[in-house]
There are 2 protein chains.
Amino acid sequence: MDDDVPPGDASPTPRPKARRPRKGTAERRAEILRAAANTFGSKGYKNGSLTDVAEQVGITHAGVLHHFGTKEQLLIEVLEYRDKEDVRDLEGQHIPGGQELFAHLVRTARMNVDRRGIVQGYSVLTGESVTENHPARAWVTERFEVLRGEIADAIDDISGGRVPHQDAVLAASAIIGVMDGLQVQWLLDETVDLPESTTFAIEAILSATLVKGHAPRTETTQ
Amino acid sequence: MDDDVPPGDASPTPRPKARRPRKGTAERRAEILRAAANTFGSKGYKNGSLTDVAEQVGITHAGVLHHFGTKEQLLIEVLEYRDKEDVRDLEGQHIPGGQELFAHLVRTARMNVDRRGIVQGYSVLTGESVTENHPARAWVTERFEVLRGEIADAIDDISGGRVPHQDAVLAASAIIGVMDGLQVQWLLDETVDLPESTTFAIEAILSATLVKGHAPRTETTQ
DNA sequence: CACACATTACTAACTTGTCAGTAAGGCCGA
DNA sequence: TCGGCCTTACTGACAAGTTAGTAATGTGTG
């Protein structure tokens, strides 16, 4: 191979490493992500194979790897994709605060009955994530952390600060806990009334928390 | 080697299919079961291998298969073993009823902080079990069913039947839900106060349930 | 001895990931 | 607009490692 470079003007266009995907690529990737979400959801991350994902979009597993590099990267992008999708149909951009948040949680539980696949995916992945070095572990952990913070803030908000923040966090953990725990029970046995039980529990925890912060008498500043 | 069999008394004991295990076999099996519980607990059923289990007791994976036949059978026996172990140190034989049950649940949550492995095993397996055709699915489902029944009965008991059974079941599901859901959060983030949050939630749900059944006025039979 | 228990050796099925090669898209210069 | 030409998108074959389960063979105990 001849190596001689044209003397003067080497590299007139300073193209560092621009990747220019083709026209339908973005949609293709989204297709794969949906398929992967489906597979990881029904079979778990460890048990769901790349071939399984690939077949759903009519390509080979090597094709999937072409787009995502590794299986782990695919999982990460699935999670990010889910995050975006989740917030998409939400009014503003963030999850609401105050009283509105709890209405949102109850509404979500109600909606989840018609989104079995999503719920299953979430449950399987959450359960799997507590194993050693699971690639979704950080994501799940952070998700819980953020959610606890938001719910605790909402409690602070509607209680006007009468509830000690520590108690608010305690209640927030419990609320997330019931929601997740009930989902698993419901997935295994549809006779479990997911929305009713969730609603009931959230109200119970919430009212107990607020009562606790109600203070026997006046306790404004001190 | 010479093949000639002693002429007369061949097989004086007519045992067609009797298995007579050796001396230490029972303990050996128990050892394997504990190892398997450990492996399935930390890595999940799908991800935990027979070799992994075998190495913990100093044999090969084929040795494990000699005792249990298949990996699935091993899992089933692990679950049965756990069931027996769980009830072993309990006073009578069954989980208590009435007020005592809730005290027991809270006590369990408190103990679980020092049994991380057990909790992880339970969480991973429960999450995995919602996947299609999972070998532990029936076991987990039944376990939930029984537990819901026992808790609902306890509520019926301490409320003196004032709470509609339907509501009791609703509350029972929720109580199991918080316990399981909080465990997962705690496994991922130790700052989550497992016993406190669990205790608080159980009390909240319980009191809300009883208040609901308190009846505005007299409502004895109708 | 006979058999429970265990090993070694092996198979068949899968796994993720790599690689070379092919077909076609899209930009650029003439 | 035509013809190069590099890149993207993908396949098919294969590598290297798992896995569960089987079969043949030892060995020590009852």
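Proteins come first, then strands; the chains are lettered A, B, ... in the order of their sequence lines, and each starts at number 1.
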Separation of [X] atom [atom1] from [N] atom [atom2], in whole Å?
X       : N      : atom1 : atom2 : value
A:Lys46 : D:dT19 : NZ    : P     : 10 Å
A:Glu55 : D:dT11 : CD    : P     : 11 Å
A:Lys43 : C:dC14 : NZ    : P     : 11 Å
A:Tyr45 : C:dT15 : OH    : C1'   : 11 Å
A:Leu75 : C:dT15 : CG    : P     : 17 Å
B:Lys71 : D:dT18 : NZ    : C1'   : 11 Å
B:Leu74 : D:dG21 : CG    : C1'   : 14 Å
A:Phe68 : C:dT18 : CZ    : P     : 16 Å

Output yes when a side-chain donor or acceptor of [X] lies under 3.5 Å from a complementary backbone atom of [Y], and no otherwise.
X        : Y        : answer
B:Ser123 : A:Gly127 : no
B:Gln185 : B:Val192 : no
B:Lys71  : B:Ser49  : no

When you compare the side chain of A:Asp193 with that of B:Ser173, does any pair of heavy atoms fall below 4.5 Å? no
Considering only side-chain heavy atoms of [X], which listed nucleotide, [options], is closest?
X       : options                : answer
A:Thr60 : D:dT11, D:dG21, D:dA13 : D:dT11
B:His61 : C:dT15, D:dA23, D:dA20 : D:dA20
B:Leu50 : C:dT18, D:dT19, D:dG21 : D:dG21
B:Ile59 : D:dA13, C:dC10, C:dA6  : C:dA6
A:His67 : C:dT15, D:dG21, D:dC10 : D:dC10

Salt bridge B:Glu145-B:Arg148, side-chain N to carboxylate O under 4.0 Å: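 Salt bridge between B:Glu145 and B:Arg148, a charged N being under 4.0 Å from a carboxylate O: no.
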Hey, does B:Leu65 reach any base, or is it just sugar-phosphate, or nothing, if we go heavy atoms under 4.0 Å? base
